Amino acid sequence: MYTLDSKKAPQPDETLSNYIRRRRKEAQISQQQLATAAGIHLQSLGKLERGKTTKLNQKTKTRLAAALSIPIEYLEAICSGQPVSEVETRKFCPQCWTPGTDPDSVWTLYRAKYCLLCGTQLRTHCTSCGEPLSSFKHKFCPNCGTSYQTSTQKRK
Ligand SMILES: [Zn+2]
Ligand SMILES: [Zn+2]
């Protein structure tokens with residue numbers, strides 16, 4: 001029985017394949033069960049666990065995370081090679097956040113998907129090019145220059 005969240009998180013040097021296999025064993029489900037739950041072929045899961053696949057599409061990530069009861073951020077983190085602690089904090093509400101200022105703590109909870117203040121879906125990426133938000137000090141995406149704030153007029 002694993003109750004500590006830190007057990008669920010990928011270890012610093014754990015690979016995607018090791019992490020998925022470990023989580024699957026901890027959840028005590030077979031490859032077949034996980035493949036079915038995640039909606040992927042058993043063969044694809046086998047490849048994934050052998051380290052032959054390192055990129056996952058968004059849908060697979062979402063379903064794998066749900067099947068393994070882990071936050072999707074953990075999979076995102078391990079796929080992008082970032083520490084989980086950093087990924088968890090880089091979410092923002094495109095309506096309420098004033099780019100360049102500290103984010104509201106209600107967005108940085110890893111389970112939060114929607115802004116508790118206005119109900120908008122939280123973002124972690126630039127809407128234009130998909131580059132992850134690298135710092136809350138940035139107002140614009142360093143990659144393409146798009147503002148992190150949605151263009152709709154902000155009501156005060
Ligand atoms: Zn909001
Ligand atoms: Zn961008």
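Note that this is a predicted model, so its numbers are computed, not measured. Both ligands and their constituent atoms are indexed starting at 1 by order of listing.
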I need the Phe92 CZ to Arg123 CZ distance, nearest 0.5 Å. 6.5 Å

The expected count of protein N/O/S atoms at less than 2.8 Å from the Zn ion (ligand 1) is 4

Do you know which of Arg23, Arg24, Arg21 makes side-chain contact (heavy atoms from CB on, under 4.5 Å) with Leu34? Arg24

For the Zn ion (ligand 2), angle spanned by Cys144 SG and Cys129 SG (nearest 10°) is 110°

Interatomic distance, Ser44 atom OG to Gln31 atom CD [nearest 0.5 angstrom]: 11.0 Å

Which distance, rounded to the nearest 0.5 Å, do you find between the CD1 of Ile20 and the CG of Leu64? 4.5 Å

Shortest non-hydrogen contact between Lys61 and Leu75, atoms and distance: O-CD1, 3.4 Å

For Glu76 and Gln58, does a side-chain donor sit closer than 3.5 Å to a side-chain acceptor? yes

